[in-house]
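These notes concern the structure reproduced below.
Because only heavy atoms are used, hydrogens play no part in the values below, and waters and symmetry mates are left out as well, while side chains stay in. Chain A is the first sequence line, chain B the second, and so forth, proteins listed ahead of strands; every chain is numbered from 1.
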2 protein chains.
Amino acid sequence: MILEMPERIATPQLKYRTAPEVVAEYIRDAIYRNELLPGQQLQQEELALKFGISRIPVRDALRQLQGEGLVDLYPNRGAFVSNPGVEELREVFELRILLETYALKLAVPNFTKQEFELCSSLLTHLESVANRADWSRIDQAFHAALYAPCKQSRTLTLIDNLRGSVNRFYFLYLSPESYGPDCLREHRQILKACQKRDAVAAAGFLEAHLRRSLAEVESVSAVGR
Amino acid sequence: MILEMPERIATPQLKYRTAPEVVAEYIRDAIYRNELLPGQQLQQEELALKFGISRIPVRDALRQLQGEGLVDLYPNRGAFVSNPGVEELREVFELRILLETYALKLAVPNFTKQEFELCSSLLTHLESVANRADWSRIDQAFHAALYAPCKQSRTLTLIDNLRGSVNRFYFLYLSPESYGPDCLREHRQILKACQKRDAVAAAGFLEAHLRRSLAEVESVSAVGR
DNA sequence: GCTTATCAGATTGTATACATGTATACAATA
DNA sequence: TATTGTATACATGTATACAATCTGATAAGC
(Lines give C-alpha, C1' and ligand atoms only; values in the text may rest on other atoms or scores of the structure.)
Protein backbone atom coordinates (compact mmCIF):
# COMPACT_ATOMS: atom_id res chain seq x y z
CA MET A 1 0.00 0.00 0.00
CA ILE A 2 1.33 3.36 -1.01
CA LEU A 3 0.24 6.38 0.96
CA GLU A 4 0.56 10.04 0.22
CA MET A 5 2.35 11.64 3.12
CA PRO A 6 2.88 15.29 3.86
CA GLU A 7 6.44 16.28 3.11
CA ARG A 8 8.32 15.71 6.32
CA ILE A 9 11.42 17.81 6.07
CA ALA A 10 10.98 21.51 5.60
CA THR A 11 13.61 22.12 2.97
CA PRO A 12 14.93 25.68 2.80
CA GLN A 13 14.65 26.23 -0.97
CA LEU A 14 16.70 23.17 -1.87
CA LYS A 15 16.38 22.51 -5.56
CA TYR A 16 18.00 19.09 -5.41
CA ARG A 17 19.03 16.52 -2.88
CA THR A 18 22.67 16.23 -1.94
CA ALA A 19 24.38 12.89 -1.44
CA PRO A 20 24.76 13.27 2.35
CA GLU A 21 21.05 14.01 2.61
CA VAL A 22 20.12 10.91 0.68
CA VAL A 23 22.38 8.76 2.82
CA ALA A 24 21.18 10.35 6.05
CA GLU A 25 17.57 9.81 5.09
CA TYR A 26 18.21 6.18 4.25
CA ILE A 27 19.91 5.52 7.58
CA ARG A 28 17.30 7.48 9.52
CA ASP A 29 14.51 5.50 7.93
CA ALA A 30 16.27 2.21 8.51
CA ILE A 31 16.72 3.09 12.18
CA TYR A 32 13.09 4.13 12.53
CA ARG A 33 12.04 0.82 11.02
CA ASN A 34 14.42 -1.11 13.26
CA GLU A 35 16.22 -2.53 10.27
CA LEU A 36 19.30 -1.07 11.86
CA LEU A 37 19.26 -2.09 15.51
CA PRO A 38 20.41 -0.11 18.56
CA GLY A 39 24.12 -0.50 19.11
CA GLN A 40 24.79 -1.72 15.60
CA GLN A 41 27.90 -0.34 13.92
CA LEU A 42 27.60 1.68 10.74
CA GLN A 43 30.69 1.24 8.60
CA GLN A 44 31.61 4.04 6.28
CA GLU A 45 33.02 1.85 3.54
CA GLU A 46 29.98 -0.39 3.48
CA LEU A 47 27.59 2.55 3.15
CA ALA A 48 29.81 4.18 0.53
CA LEU A 49 29.74 1.03 -1.60
CA LYS A 50 25.98 0.70 -1.18
CA PHE A 51 25.43 4.18 -2.63
CA GLY A 52 28.32 4.11 -5.07
CA ILE A 53 30.03 7.12 -3.52
CA SER A 54 33.12 7.74 -1.42
CA ARG A 55 33.29 7.82 2.36
CA ILE A 56 33.41 11.61 2.59
CA PRO A 57 29.69 12.29 2.00
CA VAL A 58 28.90 9.27 4.17
CA ARG A 59 30.80 10.89 7.00
CA ASP A 60 28.79 14.07 6.48
CA ALA A 61 25.60 12.08 6.78
CA LEU A 62 26.75 10.41 9.98
CA ARG A 63 27.62 13.77 11.53
CA GLN A 64 24.17 15.00 10.63
CA LEU A 65 22.55 12.01 12.30
CA GLN A 66 24.69 12.52 15.38
CA GLY A 67 23.14 15.96 15.71
CA GLU A 68 19.72 14.35 15.62
CA GLY A 69 20.68 11.95 18.39
CA LEU A 70 20.21 8.84 16.26
CA VAL A 71 23.87 7.94 15.97
CA ASP A 72 26.81 8.04 18.36
CA LEU A 73 30.26 8.78 16.97
CA TYR A 74 33.36 7.58 18.77
CA PRO A 75 36.66 8.93 17.42
CA ASN A 76 38.66 6.32 15.54
CA ARG A 77 36.12 3.67 16.54
CA GLY A 78 33.21 4.41 14.31
CA ALA A 79 29.50 5.22 14.24
CA PHE A 80 26.88 3.24 16.13
CA VAL A 81 23.11 3.39 16.18
CA SER A 82 22.38 5.10 19.48
CA ASN A 83 21.35 2.77 22.26
CA PRO A 84 20.05 4.79 25.20
CA GLY A 85 19.76 3.15 28.59
CA VAL A 86 16.51 3.06 30.56
CA GLU A 87 17.31 6.29 32.40
CA GLU A 88 17.92 8.14 29.15
CA LEU A 89 14.69 6.76 27.71
CA ARG A 90 12.84 8.12 30.74
CA GLU A 91 14.55 11.46 30.38
CA VAL A 92 13.64 11.77 26.72
CA PHE A 93 10.05 10.73 27.36
CA GLU A 94 9.72 13.45 30.00
CA LEU A 95 11.07 15.96 27.49
CA ARG A 96 8.62 14.69 24.91
CA ILE A 97 5.71 15.11 27.31
CA LEU A 98 6.83 18.65 28.06
CA LEU A 99 7.34 19.67 24.43
CA GLU A 100 4.56 17.73 22.76
CA THR A 101 1.85 18.88 25.17
CA TYR A 102 3.18 22.40 24.73
CA ALA A 103 3.01 22.17 20.95
CA LEU A 104 -0.41 20.56 21.04
CA LYS A 105 -1.84 23.30 23.25
CA LEU A 106 -0.55 25.88 20.78
CA ALA A 107 -1.90 23.87 17.86
CA VAL A 108 -5.47 23.32 19.08
CA PRO A 109 -6.80 26.83 18.37
CA ASN A 110 -5.18 26.84 14.92
CA PHE A 111 -6.55 23.60 13.46
CA THR A 112 -8.26 23.97 10.12
CA LYS A 113 -10.86 21.62 8.76
CA GLN A 114 -8.33 20.09 6.37
CA GLU A 115 -5.89 19.48 9.18
CA PHE A 116 -8.54 17.66 11.17
CA GLU A 117 -9.38 15.58 8.15
CA LEU A 118 -5.74 14.67 7.63
CA CYS A 119 -5.54 13.43 11.22
CA SER A 120 -8.75 11.43 10.83
CA SER A 121 -7.65 9.79 7.63
CA LEU A 122 -4.31 8.83 9.14
CA LEU A 123 -6.17 7.14 12.01
CA THR A 124 -8.34 5.29 9.52
CA HIS A 125 -5.23 4.05 7.77
CA LEU A 126 -3.77 2.92 11.07
CA GLU A 127 -6.71 0.55 11.58
CA SER A 128 -5.84 -1.52 8.55
CA VAL A 129 -2.10 -1.74 9.11
CA ALA A 130 -0.59 -4.97 10.31
CA ASN A 131 3.18 -4.64 10.12
CA ARG A 132 5.47 -2.67 12.36
CA ALA A 133 7.14 -0.54 9.69
CA ASP A 134 3.92 0.92 8.27
CA TRP A 135 2.45 1.41 11.73
CA SER A 136 5.54 3.27 12.83
CA ARG A 137 5.48 5.54 9.79
CA ILE A 138 1.79 6.41 10.01
CA ASP A 139 1.91 6.81 13.78
CA GLN A 140 4.73 9.27 13.25
CA ALA A 141 2.72 11.10 10.60
CA PHE A 142 -0.31 11.34 12.87
CA HIS A 143 1.62 12.89 15.71
CA ALA A 144 3.36 15.28 13.31
CA ALA A 145 -0.03 16.30 11.93
CA LEU A 146 -1.31 16.92 15.47
CA TYR A 147 1.47 19.37 16.28
CA ALA A 148 1.96 20.97 12.88
CA PRO A 149 -0.72 23.67 13.34
CA CYS A 150 1.36 25.24 16.11
CA LYS A 151 3.50 26.56 13.25
CA GLN A 152 6.75 26.68 15.20
CA SER A 153 9.30 25.02 12.99
CA ARG A 154 12.10 24.77 15.47
CA THR A 155 9.82 23.24 18.09
CA LEU A 156 8.51 20.74 15.57
CA THR A 157 12.02 19.73 14.53
CA LEU A 158 12.99 19.23 18.15
CA ILE A 159 9.96 17.05 18.77
CA ASP A 160 10.70 15.04 15.64
CA ASN A 161 14.22 14.34 16.82
CA LEU A 162 13.16 13.34 20.31
CA ARG A 163 10.43 11.06 18.95
CA GLY A 164 12.83 9.51 16.46
CA SER A 165 15.46 8.74 19.05
CA VAL A 166 13.19 6.75 21.36
CA ASN A 167 10.02 5.79 19.51
CA ARG A 168 11.65 2.89 17.68
CA PHE A 169 11.93 1.04 20.99
CA TYR A 170 8.17 1.00 21.21
CA PHE A 171 8.05 -1.00 18.00
CA LEU A 172 11.07 -3.17 18.65
CA TYR A 173 9.54 -6.02 20.64
CA LEU A 174 5.82 -5.31 20.42
CA SER A 175 3.48 -6.12 17.56
CA PRO A 176 0.59 -4.03 16.17
CA GLU A 177 -1.83 -6.66 17.46
CA SER A 178 -0.75 -5.95 21.01
CA TYR A 179 -0.35 -2.19 21.04
CA GLY A 180 -2.76 -1.32 18.25
CA PRO A 181 -6.08 -1.12 20.12
CA ASP A 182 -4.75 0.95 23.04
CA CYS A 183 -2.93 3.32 20.73
CA LEU A 184 -5.89 3.86 18.47
CA ARG A 185 -8.25 4.53 21.35
CA GLU A 186 -5.86 7.08 22.84
CA HIS A 187 -5.26 8.73 19.48
CA ARG A 188 -9.01 9.12 19.00
CA GLN A 189 -9.39 10.62 22.47
CA ILE A 190 -6.73 13.18 21.70
CA LEU A 191 -8.15 14.08 18.31
CA LYS A 192 -11.69 14.37 19.64
CA ALA A 193 -10.57 16.78 22.36
CA CYS A 194 -8.78 18.84 19.72
CA GLN A 195 -11.94 18.99 17.61
CA LYS A 196 -13.80 20.28 20.67
CA ARG A 197 -11.01 22.89 20.96
CA ASP A 198 -10.30 21.66 24.46
CA ALA A 199 -6.55 22.10 24.57
CA VAL A 200 -6.14 21.13 28.22
CA ALA A 201 -8.01 17.87 27.81
CA ALA A 202 -6.13 17.04 24.63
CA ALA A 203 -2.82 17.65 26.35
CA GLY A 204 -3.92 15.46 29.23
CA PHE A 205 -4.79 12.57 26.95
CA LEU A 206 -1.53 13.01 25.11
CA GLU A 207 0.43 12.87 28.34
CA ALA A 208 -1.38 9.69 29.36
CA HIS A 209 -0.64 8.22 25.93
CA LEU A 210 3.05 8.97 26.26
CA ARG A 211 3.28 7.70 29.83
CA ARG A 212 1.70 4.40 28.86
CA SER A 213 4.15 4.13 25.96
CA LEU A 214 7.03 4.77 28.30
CA ALA A 215 5.78 2.10 30.69
CA GLU A 216 5.66 -0.45 27.88
CA VAL A 217 9.10 0.50 26.64
CA GLU A 218 10.48 0.25 30.16
CA SER A 219 9.02 -3.21 30.70
CA VAL A 220 10.56 -4.68 27.56
CA SER A 221 13.71 -2.63 27.79
CA ALA A 222 14.51 -4.22 31.15
CA VAL A 223 14.30 -7.64 29.51
CA GLY A 224 16.62 -6.60 26.72
CA ARG A 225 19.65 -6.18 28.96
CA MET B 1 14.68 -13.04 22.86
CA ILE B 2 15.10 -13.35 19.12
CA LEU B 3 17.30 -10.36 18.55
CA GLU B 4 20.73 -10.13 20.02
CA MET B 5 22.08 -6.67 20.64
CA PRO B 6 25.75 -5.81 20.64
CA GLU B 7 27.12 -4.66 23.96
CA ARG B 8 26.84 -0.99 24.66
CA ILE B 9 30.05 0.95 24.20
CA ALA B 10 31.32 1.60 27.68
CA THR B 11 33.56 4.58 27.08
CA PRO B 12 31.79 7.80 26.20
CA GLN B 13 34.63 9.78 27.81
CA LEU B 14 37.07 11.17 25.31
CA LYS B 15 40.72 10.95 26.23
CA TYR B 16 41.87 13.46 23.69
CA ARG B 17 40.41 16.17 21.52
CA THR B 18 39.96 15.62 17.83
CA ALA B 19 40.61 18.31 15.26
CA PRO B 20 36.93 18.86 14.40
CA GLU B 21 36.16 19.33 18.09
CA VAL B 22 38.86 21.94 18.49
CA VAL B 23 37.63 23.85 15.45
CA ALA B 24 33.98 23.56 16.51
CA GLU B 25 34.78 24.85 19.97
CA TYR B 26 36.71 27.78 18.57
CA ILE B 27 33.87 28.79 16.26
CA ARG B 28 31.24 28.22 18.95
CA ASP B 29 33.14 30.43 21.37
CA ALA B 30 33.67 33.11 18.76
CA ILE B 31 29.95 33.13 18.00
CA TYR B 32 29.04 33.30 21.69
CA ARG B 33 31.37 36.27 22.09
CA ASN B 34 29.98 37.95 18.98
CA GLU B 35 33.38 37.95 17.36
CA LEU B 36 31.66 36.13 14.53
CA LEU B 37 28.47 38.02 13.77
CA PRO B 38 25.08 36.67 12.72
CA GLY B 39 24.93 36.11 8.96
CA GLN B 40 28.67 36.11 8.54
CA GLN B 41 30.10 33.52 6.17
CA LEU B 42 32.52 30.91 7.44
CA GLN B 43 34.91 29.86 4.71
CA GLN B 44 36.38 26.41 4.91
CA GLU B 45 39.74 27.30 3.41
CA GLU B 46 40.24 30.23 5.75
CA LEU B 47 39.48 28.14 8.82
CA ALA B 48 41.67 25.31 7.55
CA LEU B 49 44.61 27.69 7.12
CA LYS B 50 44.04 29.19 10.57
CA PHE B 51 44.37 25.78 12.21
CA GLY B 52 46.95 24.36 9.82
CA ILE B 53 44.71 21.49 8.74
CA SER B 54 42.79 20.55 5.62
CA ARG B 55 39.16 21.42 4.89
CA ILE B 56 37.83 17.94 5.71
CA PRO B 57 37.91 18.26 9.52
CA VAL B 58 36.68 21.84 9.16
CA ARG B 59 33.64 20.54 7.31
CA ASP B 60 33.06 18.04 10.12
CA ALA B 61 33.10 20.89 12.61
CA LEU B 62 30.63 22.93 10.59
CA ARG B 63 28.24 19.98 10.37
CA GLN B 64 28.47 19.61 14.12
CA LEU B 65 27.65 23.25 14.67
CA GLN B 66 24.75 22.98 12.28
CA GLY B 67 23.30 20.33 14.58
CA GLU B 68 23.60 22.77 17.47
CA GLY B 69 21.75 25.43 15.53
CA LEU B 70 24.65 27.88 15.51
CA VAL B 71 25.45 27.58 11.82
CA ASP B 72 23.36 27.27 8.67
CA LEU B 73 24.72 25.23 5.76
CA TYR B 74 23.59 25.90 2.21
CA PRO B 75 24.70 23.35 -0.40
CA ASN B 76 27.38 24.72 -2.70
CA ARG B 77 27.05 28.13 -1.07
CA GLY B 78 28.77 27.71 2.23
CA ALA B 79 28.32 28.02 5.98
CA PHE B 80 26.90 31.09 7.71
CA VAL B 81 26.51 32.06 11.34
CA SER B 82 22.82 31.55 12.00
CA ASN B 83 20.77 34.71 12.03
CA PRO B 84 17.30 33.97 13.37
CA GLY B 85 14.51 36.43 12.79
CA VAL B 86 12.43 37.93 15.58
CA GLU B 87 9.80 35.19 15.35
CA GLU B 88 12.43 32.48 15.72
CA LEU B 89 13.97 34.32 18.66
CA ARG B 90 10.56 34.36 20.34
CA GLU B 91 10.06 30.70 19.61
CA VAL B 92 13.41 29.73 21.09
CA PHE B 93 12.84 31.90 24.17
CA GLU B 94 9.52 30.15 24.79
CA LEU B 95 11.29 26.80 24.50
CA ARG B 96 13.94 28.02 26.90
CA ILE B 97 11.32 29.08 29.44
CA LEU B 98 9.67 25.68 29.16
CA LEU B 99 12.89 23.67 29.47
CA GLU B 100 14.84 25.83 31.89
CA THR B 101 12.03 26.16 34.41
CA TYR B 102 11.52 22.40 34.10
CA ALA B 103 15.20 21.71 34.75
CA LEU B 104 15.33 24.20 37.62
CA LYS B 105 12.33 22.64 39.34
CA LEU B 106 14.04 19.26 39.15
CA ALA B 107 17.31 20.75 40.35
CA VAL B 108 16.07 22.61 43.44
CA PRO B 109 15.64 19.55 45.72
CA ASN B 110 19.04 18.20 44.68
CA PHE B 111 21.26 21.21 45.38
CA THR B 112 24.23 20.52 47.63
CA LYS B 113 26.01 23.12 49.71
CA GLN B 114 28.91 23.16 47.25
CA GLU B 115 26.59 23.74 44.34
CA PHE B 116 25.00 26.70 46.10
CA GLU B 117 28.45 28.09 46.81
CA LEU B 118 29.44 27.74 43.19
CA CYS B 119 26.38 29.76 42.15
CA SER B 120 27.10 32.41 44.74
CA SER B 121 30.72 32.80 43.76
CA LEU B 122 29.77 33.11 40.10
CA LEU B 123 27.40 35.94 41.01
CA THR B 124 30.16 37.64 42.96
CA HIS B 125 32.39 37.43 39.92
CA LEU B 126 29.65 38.91 37.76
CA GLU B 127 29.64 42.07 39.89
CA SER B 128 33.20 42.96 38.99
CA VAL B 129 32.97 42.24 35.29
CA ALA B 130 32.87 45.10 32.82
CA ASN B 131 33.21 43.65 29.32
CA ARG B 132 30.65 41.74 27.33
CA ALA B 133 32.70 38.62 26.65
CA ASP B 134 33.43 37.85 30.31
CA TRP B 135 29.89 38.70 31.34
CA SER B 136 28.52 36.34 28.71
CA ARG B 137 30.78 33.52 29.82
CA ILE B 138 30.05 33.83 33.52
CA ASP B 139 26.34 34.38 32.94
CA GLN B 140 26.34 31.15 30.96
CA ALA B 141 28.23 29.37 33.73
CA PHE B 142 25.78 30.62 36.38
CA HIS B 143 22.75 29.34 34.49
CA ALA B 144 24.48 26.02 33.81
CA ALA B 145 25.27 25.71 37.52
CA LEU B 146 21.62 26.40 38.35
CA TYR B 147 20.33 23.55 36.22
CA ALA B 148 23.18 21.05 36.66
CA PRO B 149 21.77 19.44 39.84
CA CYS B 150 18.81 18.10 37.84
CA LYS B 151 21.33 15.53 36.57
CA GLN B 152 19.66 15.00 33.19
CA SER B 153 22.43 15.23 30.67
CA ARG B 154 20.32 15.30 27.55
CA THR B 155 18.10 18.04 28.95
CA LEU B 156 21.12 20.07 29.94
CA THR B 157 22.65 19.74 26.49
CA LEU B 158 19.41 20.84 24.89
CA ILE B 159 19.21 23.89 27.14
CA ASP B 160 22.82 24.74 26.37
CA ASN B 161 22.14 24.67 22.65
CA LEU B 162 19.03 26.80 22.90
CA ARG B 163 20.80 29.33 25.12
CA GLY B 164 23.77 29.44 22.78
CA SER B 165 21.71 30.03 19.69
CA VAL B 166 19.92 33.13 21.02
CA ASN B 167 21.73 34.45 24.06
CA ARG B 168 24.42 36.19 22.02
CA PHE B 169 21.79 38.66 20.81
CA TYR B 170 21.35 39.84 24.35
CA PHE B 171 24.97 40.92 24.42
CA LEU B 172 25.16 42.21 20.89
CA TYR B 173 23.91 45.76 21.34
CA LEU B 174 23.69 46.14 25.10
CA SER B 175 26.50 46.83 27.54
CA PRO B 176 27.05 45.37 31.03
CA GLU B 177 26.40 48.82 32.48
CA SER B 178 22.86 48.75 31.15
CA TYR B 179 21.80 45.18 31.72
CA GLY B 180 24.07 44.34 34.66
CA PRO B 181 22.00 45.61 37.59
CA ASP B 182 18.71 44.07 36.44
CA CYS B 183 20.36 40.76 35.64
CA LEU B 184 22.18 40.55 38.95
CA ARG B 185 19.07 41.32 40.95
CA GLU B 186 17.08 38.67 39.11
CA HIS B 187 19.86 36.12 39.46
CA ARG B 188 19.94 36.72 43.22
CA GLN B 189 16.18 36.33 43.44
CA ILE B 190 16.37 32.99 41.68
CA LEU B 191 19.25 31.70 43.75
CA LYS B 192 17.64 32.80 47.01
CA ALA B 193 14.44 30.94 46.16
CA CYS B 194 16.50 27.85 45.39
CA GLN B 195 18.23 28.08 48.73
CA LYS B 196 14.82 28.19 50.39
CA ARG B 197 14.01 25.07 48.35
CA ASP B 198 11.07 26.89 46.85
CA ALA B 199 11.10 25.45 43.36
CA VAL B 200 7.92 27.14 42.18
CA ALA B 201 9.08 30.60 43.21
CA ALA B 202 12.51 30.01 41.66
CA ALA B 203 10.92 28.93 38.40
CA GLY B 204 8.71 32.01 38.47
CA PHE B 205 11.66 34.35 38.90
CA LEU B 206 13.52 32.53 36.16
CA GLU B 207 10.62 32.93 33.77
CA ALA B 208 10.40 36.64 34.53
CA HIS B 209 14.16 36.91 33.96
CA LEU B 210 13.89 35.25 30.57
CA ARG B 211 10.86 37.25 29.51
CA ARG B 212 12.61 40.50 30.32
CA SER B 213 15.64 39.33 28.35
CA LEU B 214 13.43 38.50 25.40
CA ALA B 215 11.82 41.93 25.56
CA GLU B 216 15.22 43.61 25.45
CA VAL B 217 16.39 41.43 22.59
CA GLU B 218 13.21 42.17 20.68
CA SER B 219 13.59 45.91 21.13
CA VAL B 220 17.14 46.02 19.80
CA SER B 221 16.58 43.28 17.25
CA ALA B 222 13.96 45.45 15.56
CA VAL B 223 16.55 48.21 15.29
CA GLY B 224 19.17 45.86 13.91
CA ARG B 225 17.27 45.18 10.70
C1' DG C 1 45.80 -20.26 34.41
C1' DC C 2 45.73 -15.44 34.08
C1' DT C 3 47.50 -11.16 32.71
C1' DT C 4 50.23 -8.32 29.73
C1' DA C 5 52.81 -7.40 25.31
C1' DT C 6 52.87 -7.42 20.51
C1' DC C 7 51.71 -7.38 15.75
C1' DA C 8 48.77 -7.92 11.49
C1' DG C 9 44.47 -6.64 9.56
C1' DA C 10 40.83 -3.62 9.40
C1' DT C 11 38.70 0.86 9.99
C1' DT C 12 38.65 5.52 10.64
C1' DG C 13 40.96 10.30 10.05
C1' DT C 14 42.99 13.59 7.02
C1' DA C 15 45.62 15.68 3.10
C1' DT C 16 45.73 16.38 -1.64
C1' DA C 17 43.76 16.73 -6.21
C1' DC C 18 40.19 17.22 -9.13
C1' DA C 19 35.13 18.06 -10.40
C1' DT C 20 31.17 20.76 -9.86
C1' DG C 21 28.45 24.55 -8.58
C1' DT C 22 28.01 29.61 -7.67
C1' DA C 23 28.87 34.55 -7.90
C1' DT C 24 30.75 38.61 -9.96
C1' DA C 25 31.87 41.47 -13.76
C1' DC C 26 31.37 42.60 -18.21
C1' DA C 27 29.53 42.30 -22.95
C1' DA C 28 25.51 41.86 -25.91
C1' DT C 29 20.83 42.80 -26.85
C1' DA C 30 16.18 44.76 -26.70
C1' DT D 1 18.58 52.03 -19.25
C1' DA D 2 17.41 47.60 -18.05
C1' DT D 3 17.86 42.89 -18.99
C1' DT D 4 19.93 38.81 -20.48
C1' DG D 5 23.90 35.98 -21.73
C1' DT D 6 28.68 34.68 -20.96
C1' DA D 7 33.37 34.28 -19.13
C1' DT D 8 36.18 34.07 -15.30
C1' DA D 9 37.38 33.47 -10.54
C1' DC D 10 36.40 31.37 -6.48
C1' DA D 11 34.27 28.29 -3.04
C1' DT D 12 32.37 24.07 -2.17
C1' DG D 13 31.69 18.81 -3.07
C1' DT D 14 33.87 14.49 -3.63
C1' DA D 15 37.26 10.79 -4.96
C1' DT D 16 41.63 8.94 -4.11
C1' DA D 17 45.73 8.02 -1.39
C1' DC D 18 47.98 7.72 2.66
C1' DA D 19 48.57 8.12 7.86
C1' DA D 20 46.88 7.21 12.48
C1' DT D 21 44.34 4.44 15.44
C1' DC D 22 41.79 0.60 17.06
C1' DT D 23 40.62 -4.48 17.36
C1' DG D 24 41.48 -9.09 18.00
C1' DA D 25 44.34 -12.88 18.17
C1' DT D 26 48.50 -14.82 19.31
C1' DA D 27 52.62 -15.05 22.10
C1' DA D 28 55.37 -13.98 26.18
C1' DG D 29 55.78 -13.35 31.08
C1' DC D 30 54.31 -13.91 36.01
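In this structure, the side chains of B:R59 and B:P20 stay at 4.5 Å or more apart for every pair of heavy atoms.
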In a table with atom names and distances, give each donor-acceptor pair under 3.5 Å that connects a side chain of residues 42-52 of chain B to protein atoms at least two apart or in another chain.
unit_1: B:Q44; atom_1: OE1; unit_2: B:R55; atom_2: NE; d: 3.1
unit_1: B:Q44; atom_1: OE1; unit_2: B:R55; atom_2: NH2; d: 3.4
unit_1: B:K50; atom_1: NZ; unit_2: B:Y26; atom_2: OH; d: 3.4

Less than 3.5 Å apart, which donor and acceptor atoms pair up between the side chains of residues 145-152 of chain B and the rest of the protein, not counting sequence neighbours?
unit_1: B:Y147; atom_1: OH; unit_2: B:E100; atom_2: OE1; d: 2.4
unit_1: B:Y147; atom_1: OH; unit_2: B:H143; atom_2: ND1; d: 3.0

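Among residues two or more places apart in sequence or in another chain, the side-chain hydrogen bond (donor to acceptor under 3.5 Å, both in side chains) test is passed with B:T155 by A:E91. Partners of B:R211 according to the side-chain hydrogen bond (donor to acceptor under 3.5 Å, both in side chains) rule, which considers only residues two or more places apart in sequence or in another chain, are B:E94, B:E207.
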Open item on the list: Can you build the contact string for nucleotides 5-16 of chain C? Use B for base contact, S for sugar-phosphate-only contact, and - for no protein heavy atom under 4.0 Å.
Closed with: ------SBBBBB
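Terminal axes of the helix from C:dG1-D:dC30 to C:dA30-D:dT1 (five pairs each, C1' rotation axis) are separated by 20°, to the nearest 10°.
Distance check, rounded to the nearest 0.5 Å: CG of B:D139 to CG of B:N167 gives 6.0 Å.
In this structure, B:S82 contributes its side chain and B:D72 its backbone to no donor-acceptor pair below 3.5 Å.
The cationic group of B:R96 lies under 6.0 Å from the six-membered ring centre of B:F93 and within 45° of the ring axis, placing it in a cation-pi geometry.
Distance CG (B:L49) to P (D:dA11): 11 Å, rounded to an integer number of Å.
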